[in-house]
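The structure under discussion appears below in the form of structure tokens.
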Amino acid sequence: MSERRKPYPFDAIEPKWQSLWDERRLFHAPNPGEPGFDPARPKYYVLDMFPYPSGAGLHVGHPEGYTATDIIARYKRFRGFNVLHPMGWDAFGLPAEQYAIRTGQHPEITTHENIARFKTQLKRIGFSYDWEREITTTDPTYFRWTQWIFLQIYNSWFNPDTRRAEPISSYTGDDSDSVRLAYVAEVPVNWCPELGTVLANEEVIDGKSEVGGFPVVRRPMRQWMLRITAFAERLIDELEPLAWPEGIKLLQRNWIGKSEGAEVQFPLAQVPDLPWAATRELEARATITVFTTRPDTLYGATYMVLAPEHPLVDRLTTNEKRDAVADYRAQVSAKSDLERTDLAKDKSGVFTGAYAINPASEERIPVWIADYVLMGYGTGAIMGVPAHDERDLEFARRYGLRIQEVVLPAAPGSAPVSGAGFGVSPKQAFPKVEVPDKVREGETPAPETGALPGSAPSAVLNYGDTAGHAEAFIDDGVAINSPLIDGLTTSEAKRRMTDWLEEQGLGRRTINYKLRDWLFSRQRYWGEPFPIVWRDGKHEAIPDSELPLLPPPLHDFKPTATGEPPLARAKEWVRYSDQATRELNTMPQWAGSCWYYLRYCDPENSSRFVGQEAERYWMSVEAGASPAGREPTLPRSPKAADTAAATLGGVDLYVGGTEHAVLHLLYARFWHKMLFDLGHLSTSEPFQRLVNQGIILGEDGRKMSKRWGNVIDPLDVIADYGADAFRCYEMFMGPLEQMKPWSMNGVEGVSRFLARVWRLLMEENQAGEWALSPTLAEIPPDKPQLKVIHATIKKVSEDIEALSFNTAIAQMMIFVNAFTTTASRPVAAMRTLLLLL
RNA sequence: GCCGAUGUGGCGAAAUGGCAGACGCAACGGACUUAAAAUCCGUUGGGCUUAACGGCCCGUGCCGGUUCGAGUCCGGCCAUCGGUACCA
């Protein structure tokens with residue numbers, strides 16, 4: 001941009017103060033025991049999600065959250081808190097590695113360059129970070145402890161009795177490797193043949209690689225897994241009290257996906273042409289176990305479906321169907337994930353020839369395989385209840401399977417509870433399709449809706465192939481055609497049915513989670529090496545004394561065609577001893593970000609990942625009361641309830657984007673809980689209060705990206721308007737949480753405002769020099785001025801607490817407008833105004 | 001499909017159930033200036049009315065409800081954005 005007149009000399013003011021801040025270590029927070037530490041001050045921890053230092057540098061989106069936290073940090077310091085406000089770098093990861101592959105330059109070099117660029121930008125923006133606590137995940141003094149934490153995980157197991165992680169030494173079983181929280185398993189991964197590498201789920205979009213758009217296939221590989229599923233229950237339960245946006249909590253809950261239900265065993269029916277006569281008897285006693293959330297619909301199970309990959313498939317397929325089944329399985333495994341989801345609307349499957357017995361109705365039902373049943377969830381097998389499940393209905397229609405209705409829609413509140421047909425033998429079940437009288441009586445008459453009591457017996461017909469819009473009734477209602485539970489409401493029926501199954505030894509209550517164990521290894525160069533060696537096909541930890549385990553110096557970082565990790569090229573490094581070789585995989589990028597907030601508490605500690613006293617001090621949950629003992633608690637609008645709940649007291653703050661709602665935030669909580677269980681931490685949750693900043697769009701209203709050429713570099717803005725105008729505009733744009741477009745005119749406006757503030761106090765003479773304005777006077781403010789002054793103090797304090805920075809700035813504008821016209825300005829009022837950002 | 005968020009001037013946005021549009025941008029008019037920039041002052045949701053001061057009506061995505069009173073609360077839709085996708 002060309003030479004432009006500065007509305008006020010920010011280019012002189014800002015660098016001057018910024019370097020003074022550094023010199024005086026103004027933002028350094030002393031730890032307990034350090035010089036300058038004042039135990040009388042309460043602590044406050046304001047955390048930003050640390051950035052990945054990419055080659056492109058920061059754009060104006062990054063500093064939005066950083067500006068908000070910076071205001072809070074400064075505000076809390078003014079109020080007498082000992083404030084921890086750190087910054088660091090999440091520097092392992094794919095982009096640096098890919099850049100290295102392209103240019104041959106070692107990722108460490110580019111990483112350092114990128115960090116330097118990011119840091120320059122952040123410093124010029126003028127944030128009040130305690131740079132003495134800066135950390136970098138690729139620094140050996142840091143990842144030494146990432147590796148150490150991995151070994152803690154590796155050396156522990158989840159004790160189901162205590163529901164806690166415990167040292168593996170407390171495990172009394174004989175195969176400790178089978179219960180470790182870090183374990184090795186052969187699992188399908190996203191393999192991209194074109195790129196010759198394995199990709200994380202996040203890097204696969206619609207079955208294609210995010211980079212290049214190449215097809216990705218599932219392929220089994222030996223991988224390290226972390227047993228996050230053991231913590232599923234706690235990850236849900238302990239989410240509840242956190243001051244997080246409800247939306248994020250919901251996202252995590254859904255991701256974990258808890259469903260309560262029952263496992264039910266279906267005995268296989270004897271089939272004449274079972275393939276192995278010798279094992280016929282065994283086969284006859286075999287059962288298929290399914291998971292269902294609707295045990296109350298057991299009588300409606302008219303067929304079963306196994307996932308094509310289900311291990312039982314081979315054993316129960318009849319000779320006659322063997323080829324068809326093999327074909328289908330081949331077809332399915334050839335499908336990419338994309339195709340498999342694409343075909344989701346058109347269900348397919350084949351009959352195995354086998355039959356099972358519905359334990360309730362004792363009816364013989366066919367066993368199919370179909371790819372709409374997933375091996376990875378539940379038991380990999382389902383009972384098909386077409387009348388009450390949309391997917392089952394679609395499948396049953398396509399293959400002409402029987403549809404049996406067993407739940408009747410009930411008018412709300414009218415459901416009868418007693419009078420169940422307990423004691424009726426299930427054998428008598430089928431012929432009768434009788435609606436119990438109680439149901440009929442309870443029903444409110446509603447003749448125009450078809451599916452009410454009188455018409456129930458014929459309801460089955462409604463599902464005929466031609467009735468395209470007849471839908472499965474999946475809501476709660478009243479059980480019918482189910483002798484054991486007829487007349488019971490769905491919830492009651494579920495309970496009775498499950499009780500009955502448990503009594504009969506045919507099933508049990510279970511809870512299932514969508515959450516899978518965390519695939520923790522990557523076939524990449526630029527990540528933390530595992531502190532693990534292999535000896536005789538068995539893994540073992542290397543001693544702590546050998547940490548940090550540095551990656552080998554390599555010149556060729558390219559992934560191999562076979563999926564063998566690039567570390568394999570470092571022959572010397574790989575050889576650990578005559579009998580042992582090193583683990584070749586590296587950890588995923590999330591490893592470093594799982595605990596960085598802990599390291600900030602005590603970044604220099606060389607004997608522990610975080611000192612105990614520092615951890616207790618900074619991570620403690622008790623809301624620090626202000627020294628005066630009266631931290632303002634403010635009533636807020638219900639709209640702002642999320643923020644308001646968290647506004648109270650000194651609850652620590654974590655600000656970042658929604659994109660980490662499930663991944664980083666879930667992984668970090670998981671690690672935190674393990675470390676807590678093992679006695680290394682004083683709290684069981686890492687982040688008490690979370691706020692998401694919204695995305696900043698380009699001026700064209702599109703997401704900022706190189707592709708649209710709408711990316712804005714903070715340094716360009718600062719060159720023209722100064723860092724204060726930049727930060728002030730970021731906050732004035734609108735509510736923090738909201739998505740909003742950038743506007744240079746808006747920056748201009750805010751810059752004018754700051755210039756007006758400047759000119760309230762300063763005046764430019766003929767020579768272009770600034771001097772104190774003669775309008776300043778030692779006079780008391782008049783009544784209306786006093787009113788504005790106090791309104792501003794009140795509004796700004798309240799708004800900062802509530803993170804409503806845009807309205808705080810608006811109020812300060814009102815203040816300034818009120819004083820610009822007056823001929824003489826009360827000095828006291830002007831001093832008050834310098835509550836500014 | 002499901003889940004979530006959002007919907008107010010030309011634009012970014014304000015508004016404990018109580019005067020809708022604070023504050024800013026843009027636009028227009030004026031002052032200063034030879035002129036411009038900068039700065040300062042004024043007007044700015046729509047419509048009707050008055051010579052004028054002023055007055056009146058309509059307006060917060062759509063339809064309905066609760067209330068003395070609804071942008072705000074309740075019910076039902078619509079649109080946009082984001083997440084998710086056969087999880088039994």
Cation over ring face, K347(A) and F395(A), 6.0 Å, 45°
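No; the conditions do not both hold, so K347(A) does not lie above the ring face of F395(A).
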
V750(A) or A381(A): which one's nearest nucleotide on RNA chain B is closer to the 5' end?
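Its nearest nucleotide lies further toward 5', so the answer is V750(A).
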
Residue mapping more 5' on RNA chain B - nearest nucleotide basis, N254(A) or I382(A)
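Taking each residue's closest nucleotide, the earlier one in sequence belongs to N254(A).
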
With rounding to whole Å, what would you report as the distance between [N] and [M] at their [atom1] atoms?
N      : M      : atom1 : result
C23(B) : U43(B) : P     : 11 Å
A27(B) : A38(B) : P     : 11 Å
C68(B) : C62(B) : P     : 25 Å
U39(B) : U6(B)  : C1'   : 39 Å
C63(B) : C53(B) : P     : 35 Å
G82(B) : G29(B) : P     : 40 Å
G71(B) : C58(B) : P     : 13 Å

State the CG-NZ distance between D296(A) and K494(A), to the nearest 0.5 angstrom.
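Here the interatomic distance stands at 6.0 Å.
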
Report the base-pairing partner of [N] (Watson-Crick or G-U wobble, both distances below 3.5 angstrom), or none.
N      : answer
C56(B) : G47(B)
C2(B)  : G83(B)
C77(B) : G61(B)
A37(B) : none

Distance-only side-chain donor-acceptor flag, R402(A) / Q404(A), under 3.5 Å:
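A pair is found: one side chain offers a donor N or O, the other an acceptor, under 3.5 Å apart.
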
Under 3.5 Å, is there a donor on one side chain and an acceptor on the other for N512(A) and S259(A)?
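Not at all, the side chains of N512(A) and S259(A) share no donor-acceptor pair under 3.5 Å.
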
Send over the distance from [X] [atom1] to [N] [atom2], rounded to a whole Å.
X       : N      : atom1 : atom2 : answer
F815(A) : C23(B) : CZ    : P     : 16 Å
Q811(A) : G24(B) : CD    : P     : 11 Å
F753(A) : U39(B) : CZ    : C1'   : 17 Å
L401(A) : A88(B) : CG    : C1'   : 16 Å
L754(A) : G24(B) : CG    : C1'   : 13 Å
N806(A) : G24(B) : CG    : P     : 13 Å

Are K740(A) and E64(A) close enough for a salt bridge, meaning some N to O gap below 4.0 Å?
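Salt bridge present between K740(A) and E64(A).
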
Checking T293(A) side chain against G261(A) main chain: does a donor-acceptor pair fall under 3.5 Å?
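Such a contact is absent between T293(A) side chain and G261(A) backbone.
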
Under 3.5 Å, which N/O atoms of the protein pair with N/O atoms of nucleotides 8-12 of chain B?
{"from": "G12(B)", "atom 1": "O2'", "to": "M733(A)", "atom 2": "O", "distance (Å)": "2.6"}

Anti/syn call for G9(B), syn if |chi| within 90°:
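Here the answer is syn: the torsion falls within 90° of 0.
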
